[in-house]
2 protein chains.
Amino acid sequence: MTEKEQRKATIYDLSVKSGASASTVSAVLNGTWRKRRISEETANKIILLAQEHKYTANQQARALRSSRSGLAGLLLPIYDTRFFSSMAQTFEAQARKRGFLPVVVAGRRDPEEERRTVESLVAYSIDLLFIAGATDPDGVHKVCARARLPHVNIDLPGTLASSVISDNRQGARALTLAIIRHAQQGGPLTPDDVYMFGGRDDHASRERTIGFHAAKAEIFGTCRGDDMESTGYSPSMTALAFERFYQRHGRLPRCFFINSSINFEGLLRFMGKHDGEAFGDIVVGCFDYDPFGSFLPFPVYMIRPDIEGMLEKGFELLDLEEDAPRIVLIEPQLVLPRTALEGPLDELKDSVTSL
Amino acid sequence: MTEKEQRKATIYDLSVKSGASASTVSAVLNGTWRKRRISEETANKIILLAQEHKYTANQQARALRSSRSGLAGLLLPIYDTRFFSSMAQTFEAQARKRGFLPVVVAGRRDPEEERRTVESLVAYSIDLLFIAGATDPDGVHKVCARARLPHVNIDLPGTLASSVISDNRQGARALTLAIIRHAQQGGPLTPDDVYMFGGRDDHASRERTIGFHAAKAEIFGTCRGDDMESTGYSPSMTALAFERFYQRHGRLPRCFFINSSINFEGLLRFMGKHDGEAFGDIVVGCFDYDPFGSFLPFPVYMIRPDIEGMLEKGFELLDLEEDAPRIVLIEPQLVLPRTALEGPLDELKDSVTSL
DNA sequence: TGTGCTTGCACCATCGATTGTGCAACTTAG
DNA sequence: CTAAGTTGCACAATCGATGGTGCAAGCACA
């Protein structure tokens, strides 16, 4: 009787077995029973029964009635970047900690697809949405607003909802200073030796550009404008940019700033076609962290956005339910070359060797 | 009237506006209207109305009634490995293509948490589940069976449900042959120069070990057993294993096989503490692909599992609804050193530069 | 004109949980 | 011993979509 249930138990099954009404069972099992003045005795009996029958509430029914689904959404552009997959993992942990079931979806940097994707989340009446790196945050905002869906922007700000983002400007400045100083150890440097690749016309790229130029100005006193190649978030376009630079100058810049690990993959593709002489003495800064990237055969400084901090803050903002949108800056971390940071992997219970 | 709806439209709203009954509206909008002999005219009228009002069905209600939620689950151990995040991304695309909303969750390699996680998916009456790298696939299977939830194992086989996995043995053999041959170019090699790090007592590790030893036997004719360090899937334990080896031999093995990119991160940590002399002439094989890993300052051969192929096959198996579990092998790909493969990133619409 | 078939749709129970309301039974005060 | 308050619970409507069933109107045919 306890073992071989045919279907999943419902409150009605427990109601019959316990002699209490379904509403009583419901109240007991969702924790509102004190408010409903159910006796401790009745409650305990029902809780025991529920455990015996491995009762779990049908979330669809609960959601239908209460219009709270228990689902929390995260919209990413893509997954398979260290940055976004860390985001997914951290989001998962934090959402579950708060009692939500996380649903992570990708908009593939297509405004239309972003909106459709969010619509489909809305159809599941998700309770909240984190928008991380949408191409069109405000378009997504409108979909959310129509559905009265609480949401925050993460990492890339929108104007219509609150945003939690990295301090791109300061991070870029620190990163640029670090690579310039490192490169200067190999001999004097001119502004022309310091270049920037990647990014496009979004808020993050703009801020990083400002930080990049601010650092150059601090070191060199001045800085000309012709020191960037904006390639979008595309490995292949970035590879082309490196190739062009190489054709023009016979080498890569002594020292350069790469806008994200996606663009960094463009450098890899360039490297795949050339041998070491093309990049023997370069110093690279990348606004993103990837442990393998940190150990490439030249100094790589990286910036690790504080994903945990951003998401934590994002949940806080959602709890506050303010209506005036605001922007919160979170400081990222400068990671020195040849550094393998610990990560979520280290918290797993798997560390036990089987030998 | 079309613009400022207060709440999301329901079939009842459309029923009133169209003059048809709610059941007619429902039938029209879910495509069963021909079967119900609704006239084309009525159908068109309702479809138009639905578009005007941006109607989307409440999935909770639909799920409650029909007990099909439209959710498809993927259980991962963790996200932030290139392998699993690619898996998540590919799964997302394939699930959406098939009309499901993907829900990706992580069990963190803890059998208990895996089961709890799946229970929570069951509470949402998900329609199918992919189990990728569960620590206890058969435990998860039981939870699924109780809930009559169709499921397949991906990448790590179970005995109770069908599985789609990489051909670990052949992959490991090919990888081992590749690194040995490469290392032999630097001078003669003995079996003691060829080592294996990482993995534990799971099916994948066992098969890879067999392939590894098979390759050694092919080359050296024989092979002793003392050529492995099983460290679990933990970066820190792997780092320790490298450290121990280094303490004993004063260097790393000329040539070694790393069981996964997670273990590879252990090598990074080791490298972070040592300078180049500890690994000047090593040749490494890793059973996983990471583009940055491919460009480290020594030759790295990698195996890229065919994630797309595995998932595709997984969906096929679920469609078949066989009851006898079976195992399908998918061939992985050997990736030569210094190779930046194209990936999902390249399919994005983002390639346009803003300059 | 009556019988029987088809067309086109409406009615209504149902999925499982939530929640406002009602009301016995019991307790306490006067 | 009665009125007022408290305790402990049951009842029933409801969320939105689905699908079995029933039935009127229209038509063909004898």
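The chains referred to below are lettered A, B, ... by the order of the sequence lines, with proteins before strands, and numbering in each begins at 1.
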Quiz item: If each of Thr42(B) and Leu64(B) is mapped to the nucleotide of DNA chain C with the nearest heavy atom, which maps nearer the 5' terminus, i.e. the 5' end?
Solution: Thr42(B)
Quiz item: Does a nitrogen or oxygen in the side chain of Arg37(A) sit under 4.0 Å from OP1 or OP2 of dT7(D)?
Solution: no
Self-check item: Distance below 4.0 Å between Thr24(A) side-chain N/O and dC9(D) OP1 or OP2
Solution: no
Quiz prompt | Val140(B) backbone acceptor or donor facing Glu114(B) side chain under 3.5 Å | solution = no
Exercise. Using only side-chain N and O atoms of Tyr12(A), determine if any of them is under 4.0 Å from OP1 or OP2 of dA10(D).
Key: no
Practice problem: Please indicate whether Lys97(B) has more than 12 foreign heavy atoms, meaning atoms of other residues, nucleotides or ligands, lying under 6.0 Å from its NZ. | Solution: yes
Quiz prompt | Distance in angstrom units between Ile11(B) CD1 and dC15(D) C1', rounded | solution = 11 Å
Exercise. Please check if any side-chain donor atom of Thr56(A) sits under 3.5 Å from a side-chain acceptor atom of Glu119(B), or the reverse.
Key: no
Exercise. With heavy atoms under 4.0 Å as the rule, sort Ala27(A) into base, sugar-phosphate or nothing.
Key: nothing
Quiz item: Atom CD of Glu41(B) to atom C1' of dT7(C): distance rounded to whole Å?
Solution: 14 Å
Practice problem: Round to a whole Å and report the spacing from CZ of Arg34(A) to P of dC9(D). | Solution: 13 Å
Quiz prompt | 5' precedence on DNA chain D between Arg36(B) and Thr10(B) (nearest-nucleotide basis) | solution = Thr10(B)
Self-check item: Salt bridge present between Glu312(A) and Arg98(A) (N-O < 4.0 angstrom)
Solution: yes
Self-check item: 5′-ward residue of the pair Ala61(A)/Ser26(B) relative to DNA chain D
Solution: Ala61(A)
Quiz item: Closer to the 5' end of DNA chain C via nearest nucleotide, is it Arg65(B) or Ser21(B)?
Solution: Ser21(B)
Practice problem: Take atom CD of Gln60(B) and atom P of dT14(D), then tell me their distance rounded to the nearest Å. | Solution: 21 Å
Quiz item: In whole angstrom, what separates Ile46(A)'s CD1 from dG8(D)'s P?
Solution: 14 Å
Exercise. Would you kindly give the CD-to-P distance between Glu40(B) and dG8(C), to the nearest whole Å?
Key: 10 Å
Self-check item: Spacing of Asn44(B) atom CG relative to dC9(C) atom P, expressed in whole Å
Solution: 12 Å
Exercise. Could you check how far CH2 of Trp33(A) sits from P of dT7(D), rounded to whole Å?
Key: 14 Å
Exercise. Count the heavy atoms belonging to other residues, nucleotides or ligands that lie under 6.0 Å from CD of Glu322(B), then report whether that count exceeds 12.
Key: yes
Self-check item: side-chain N/O Asn30(B) vs dT18(D) OP1/OP2, d < 4.0 Å
Solution: yes
Quiz item: Within less than 4.0 Å of OP1 or OP2 of dC9(C), is there a side-chain N or O belonging to Ser39(B)?
Solution: yes
